[in-house]
Undergrad: 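Before we start, here is the structure in question, set down as structure tokens.
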Amino acid sequence: ESGIPPYDTLDPVTARNLYDKACEAGRGEPPQPVEVKDFKISGPAGEIPLRYYRAVNQSNLPILVFYHGGGYTIGSLDSHDAVCRHLCVGAECIVVAVDYRMGPEHRFPAAADDAYAALCWVVENAKAIDGDVQRIAVGGDSAGGNLAAVTCLTARDAEGPEVIFQLLIYPGTDMTESFPSHKTYGEGYLLTSKLIHWFHGNYLAPDTDPCYWKASPLHATDHSGLPAAHVITAGFDPLQDEGIAYADKLRAAGVAVTHQLYAGMLHGFITQPKYIDVCQSALKDCAEKLKQGYASAAS
């Protein structure tokens, strides 16, 4: 009804502007953290913009490093601002949102490299931002869920920062686009097969293997030793099957996993609390799972 053309028919800059406006329209009135501020850190190829949210005026708060969705092409600190506010206040934590580099200007693995660099910065500066280095989680939706999963794999393999929890909201975990849900829900449910292919084409260079684990974490050879996870999937979502497959893969490797299927939902519903009541309950559930993860780490 909005009349917005499919993003894959637009140039990336126009698509980004329209996506931010769509998310702004659906944000509603999110809870207000006591502090929100923007700043930049040094990354692998220049500065990375971050947005900091603090739930309460206390020190040693748990931290969530959050990566926005948008197919590695669209999305911003603004598009997911309401999501971060809900998680910050609901989980009583600090949220650090990451504005990683995107395609087609910056190809794979630019986004993954920025995602990991931001985690490392947060760990190194946890005390300075009044956070608890022993209680750091990562999370994201869609492409951001992919980056959260990849960041956990990278940290484990590099013997890097310890992450205690991963929040994966309808994550993209397999860039081969081969699961049955891609065909079942690839047309008529907003996130179309054409749009997914456009996103992947903007991110991956033509010679990139879509099965490489840093692009498709489902294809990593080992999923043991990863942080506990809460995985959300949506019923009318082309990414549904690969999200479930990733939860199953983690569980089979001995990782503590909870999975929630929102059967009546489309991909992307988490940014629309004004219009979708289930979005509000999902954000509350995510915040509660984060709190439980932080509590387990503290005990």
Side-chain angles (χ1 to χ4, degrees), residues 1-2 19 22-23 25-28 30-31 64 66-71 75 79-91 95 137-149 165-174 177 179-193 195-196 199 217-218 228-251 255-293:
E1 292 178 355
S2 70
Y19 181 65
C23 292
R27 66 181 276 121
L64 170 67
F66 186 86
Y67 310 109
H68 67 77
S79 67
H80 286 66
D81 180 74
V83 174
C84 290
R85 289 172 185 266
H86 277 279
L87 296 175
C88 172
V89 174
V95 175
V138 297
D141 66 312
S142 192
N146 169 287
L147 295 174
F165 192 81
Q166 49 185 326
L167 174 63
L168 309 179
I169 301 171
Y170 38 75
T173 67
D174 177 17
E177 305 172 26
F179 276 95
S181 58
H182 276 266
K183 183 175 181 179
T184 304
Y185 305 113
E187 192 62 44
Y189 300 96
L190 294 182
L191 181 63
T192 64
S193 296
L195 182 54
I196 293 169
F199 283 148
L218 183 66
H230 180 56
V231 180
I232 282 179
T233 54
F236 295 95
D237 182 359
L239 305 190
Q240 178 187 171
D241 289 350
E242 63 196 74
I244 295 171
Y246 199 69
D248 291 343
K249 186 69 71 83
L250 291 174
R251 193 176 293 111
V255 177
V257 179
T258 54
H259 168 233
Q260 178 67 54
L261 169 64
Y262 289 90
M265 291 294 100
L266 301 170
H267 188 87
F269 78 94
I270 206 74
T271 61
Q272 300 294 315
K274 179 178 179 179
Y275 298 120
I276 303 175
D277 291 342
V278 173
C279 172
Q280 298 181 38
S281 63
L283 287 166
K284 289 180 181 178
D285 182 54
C286 287
E288 185 59 34
K289 291 297 191 296
L290 277 170
K291 288 180 73 173
Q292 292 171 7

Undergrad: Just wondering, do Asp237 and Tyr189 contact through their side chains at under 4.5 Å, heavy atoms?
TA: no

Undergrad: Measure the spacing between CE of Met265 and CD of Gln272 and express it to the nearest 0.5 Å.
TA: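 The CE atom of Met265 sits 11.0 Å away from the CD atom of Gln272.
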
Undergrad: What's the separation between atom CZ in Phe199 and atom CG in Leu191, rounded to the nearest 0.5 Å?
TA: 7.0 Å

Undergrad: Relative to each other, are the rings of Tyr185 and Phe236 parallel, tilted or perpendicular (30° and 60° limits)?
TA: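 The rings of Tyr185 and Phe236 stand perpendicular, inter-plane angle above 60°.
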
Undergrad: Spell out, as yes or no, whether a donor-acceptor pair under 3.5 Å connects the side chain of Gln240 to the backbone of Gly235.
TA: yes

Undergrad: Going by atom types alone, do His259 and Asp248 pair a side-chain donor with an acceptor below 3.5 Å?
TA: no

Undergrad: Can you check whether Asn146's main-chain N or O pairs, donor with acceptor, with Tyr246's side chain at less than 3.5 Å?
TA: no

Undergrad: Okay, side chain of Gln280, backbone of Pro273: is any donor-acceptor separation there less than 3.5 Å?
TA: yes

Undergrad: Are side-chain heavy atoms of Ser142 and His267 found at a separation under 4.5 Å?
TA: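 Yes, side chains in contact.
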
Undergrad: So, do His230 and Gln292 sit near enough that their side-chain heavy atoms are less than 4.5 Å apart?
TA: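 Side chain of His230 against side chain of Gln292, heavy atoms only: no contact under 4.5 Å found.
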
Undergrad: Quick one: does any side-chain atom of Ser181 pair with a main-chain N or O of Asp241 as donor and acceptor, under 3.5 Å?
TA: yes

Undergrad: Kindly say whether Glu242 contributes a backbone atom to a donor-acceptor pair with the side chain of Thr173 at under 3.5 angstrom?
TA: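 Checked: pair present.
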
